[in-house]
Every structure is written in structure tokens, then in C-alpha cells.
Amino acid sequence: MGIFGNNKNVVAMEDRVDMVAAANGEESIQDADMEQAEEEKEPKQKRKPFAIWEVGGESYKLKLRTPTIVELEKKYKTNLMNLMGAGNGGMPALSVMLDVTHAAMKDWQHGITKVSVNNLFEKYIEEGGSQLSFYMSVYMNIFSVSGFFSANLSNQMTEAVTEAEAEL
């Protein structure tokens, strides 16, 4: 429905915009919409199937499944997007990051416990890791592979993290 329930006003306005655009040598809005629709038909970039956390010569698969996301949202009483950069300095508490890591790991590492994840983090630190590098290269990758970002944004984030790690 158009303004005041009149659909004719909307159609007339679109026609006027197209006529003005044509007079100015610009493509019409409809043409732009068609081009955008064609671009959207192009195959989407695939995301990585898992984030990988390497500790002590072992590789651990990490990815949040829908039931796990729901479980974490109930526990923290918020959307997980709010847990990505909450807290001082834009980084969540270590306990939150390790909870999310455990949740992302438990479906892929049978029998892994929170205590085991804490011990893995200790080993990660002993091997030269830091809480900041964990946040950038492990924690944020969990969200990336779990569908919180578009594949394009995930790829951009991966590139940015790689550059930041080189500077650390």
C-alpha cells in the first residue's frame, strides 16, 4: 500500500524516479535491482568448517552448533554477539572465552571437560600464547566458523588477524 492506502502514489513515484534517472543518463533503479539480484545468484563463498586450536602438538576442532548456542545464550542471558567484545578493553573475561571454547569443542572432542580446556589454555600460555592472541586467533574464529558473520566478513577478519599476529 502506498501513502494513505493508495498504491498508485508509490508506482507513480517509482516511474518518476526512473524517468529522471534516464534523463540524466543514469541506470534506472529497477536495472540496479536486477543487477544486484544477478550478483546475489553468484556462488557464495564457503566458510571454513571448523576453527582449529593447536596446543601441545594436537589440533582441536571448534564450532558452535545451534543447540550449543541456545544453551550458552540461556546461561549468559544474552545473545552471543554480546559476548564477543564485552568487558573492559573490548575483550570478554577469560572465563567466558573458555566456556565458549569448551562449548565449541565438546561436540568434536568426546569427553572434553571444562577442566581439560582450562589445562589446555595453561599449556597454550606456556607455549608462548597470550590471552590476546587466544581472543584473536581462537575465540573470534569460533564465531566466524559458527555462522555469526558472512563468509566475506569472516575472510576479511582472518586476514586482519593474520596481519595482527605478525605484528605481535
Side-chain angles (χ1 to χ4, degrees), residues 29-168:
I29 292 173
Q30 291 173 346
D31 291 342
D33 288 344
M34 299 255 307
E35 286 179 24
Q36 183 178 2
E38 287 176 20
E39 288 175 8
E40 290 173 2
K41 289 179 186 176
E42 292 178 15
K44 293 183 179 182
Q45 293 179 339
K46 289 192 174 193
R47 75 178 77 252
K48 292 190 284 183
F50 297 99
I52 302 294
W53 185 25
E54 294 184 13
V55 183
E58 297 286 325
S59 295
Y60 299 93
K61 293 179 180 179
L62 305 159
K63 185 175 187 174
L64 295 170
R65 295 179 57 229
T66 301
T68 308
I69 293 169
V70 171
E71 179 183 310
L72 286 168
E73 287 178 341
K74 284 181 184 176
K75 176 180 181 175
Y76 289 104
K77 295 178 174 67
T78 189
N79 181 312
L80 288 190
M81 297 287 280
N82 293 328
L83 298 180
M84 278 187 226
N88 296 331
M91 192 167 71
L94 179 60
S95 61
V96 172
M97 291 194 294
L98 293 177
D99 275 352
V100 170
T101 302
H102 174 255
M105 191 184 283
K106 69 182 181 179
D107 288 331
W108 318 108
Q109 297 292 316
H110 183 70
I112 191 88
T113 64
K114 288 183 181 184
V115 171
S116 299
V117 172
N118 290 346
N119 291 337
L120 283 172
F121 184 77
E122 284 292 325
K123 190 171 210 161
Y124 175 78
I125 296 298
E126 290 170 6
E127 292 176 349
S130 69
Q131 192 168 337
L132 180 59
S133 65
F134 179 81
Y135 171 75
M136 290 178 3
S137 62
V138 178
Y139 185 73
M140 290 304 291
N141 275 332
I142 292 171
F143 288 96
S144 181
V145 300
S146 300
F148 284 79
F149 313 117
S150 68
N152 187 30
L153 183 57
S154 293
N155 291 337
Q156 290 175 7
M157 285 176 51
T158 301
E159 291 173 14
V161 166
T162 303
E163 290 175 14
E165 285 175 339
E167 291 183 23
L168 291 177

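Side-chain atoms are counted along with the backbone in the values below, which use heavy atoms only and exclude waters and symmetry mates.
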Less than 3.5 Å apart, which donor and acceptor atoms pair up between the side chains of residues 51-61 and the rest of the protein, not counting sequence neighbours?
none

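Minimum interatomic distance between Lys75 and Asp99 (heavy atoms only, all atoms of both residues): NZ-OD2, 2.7 Å.
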Worked verdict on Leu80 versus Met84 for side chain to side chain contact (heavy atoms under 4.5 Å, CB included): CA-CA 7 Å; Leu80 288 190; Met84 278 187 226; 6.0 Å; no

Pair Tyr76-Asn82, side chain to side chain donor-acceptor pair (under 3.5 Å): steps then yes or no: CA-CA 10 Å; Tyr76 289 104; Asn82 293 328; over 6 Å; no

Lys74 vs Val70, side chain to side chain contact (heavy atoms under 4.5 Å, CB included): CA-CA, chis, key distance, verdict: CA-CA 6 Å; Lys74 284 181 184 176; Val70 171; 4.0 Å; yes

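With a 4.5 Å cut-off on side-chain heavy atoms, Ile125 and Phe121 count as touching. A heavy-atom distance below 4.5 Å is found between the side chains of Val138 and Leu62. Counting heavy atoms from C-beta outward, Lys123 and Asn119 have side chains that stay 4.5 Å or more apart.
Rounding to the nearest 0.5 angstrom, the gap separating the CG atom in Leu98 from the OH atom in Tyr139 is 10.0 Å. To the nearest 0.5 angstrom, Asn141 atom CG is 10.0 Å from Met136 atom CE. One distance of note links CZ of Phe50 with CH2 of Trp108; it measures 4.5 Å at 0.5 Å rounding. The distance from atom CZ of Phe148 to atom CD1 of Ile142, rounded to the nearest 0.5 Å, is 10.5 Å. Atom-to-atom distance recorded for Leu72:CG and Leu83:CG is 7.5 Å, nearest 0.5 angstrom. Between Met105 atom CE and Lys114 atom NZ the span is 13.0 Å, to the nearest 0.5 Å.
The main-chain N or O of Ser133 is found under 3.5 Å from a side-chain atom of Ser137 such that the two form a donor-acceptor pair. Using a distance-only test at 3.5 Å, with no hydrogens or angles considered, a donor-acceptor pair links the side chain of His102 to the main chain of Ile112.
Annotation: side-chain contact (heavy atoms from CB on, under 4.5 Å) contacts of Asp107 (sequence neighbours excluded): Arg65, Thr68.
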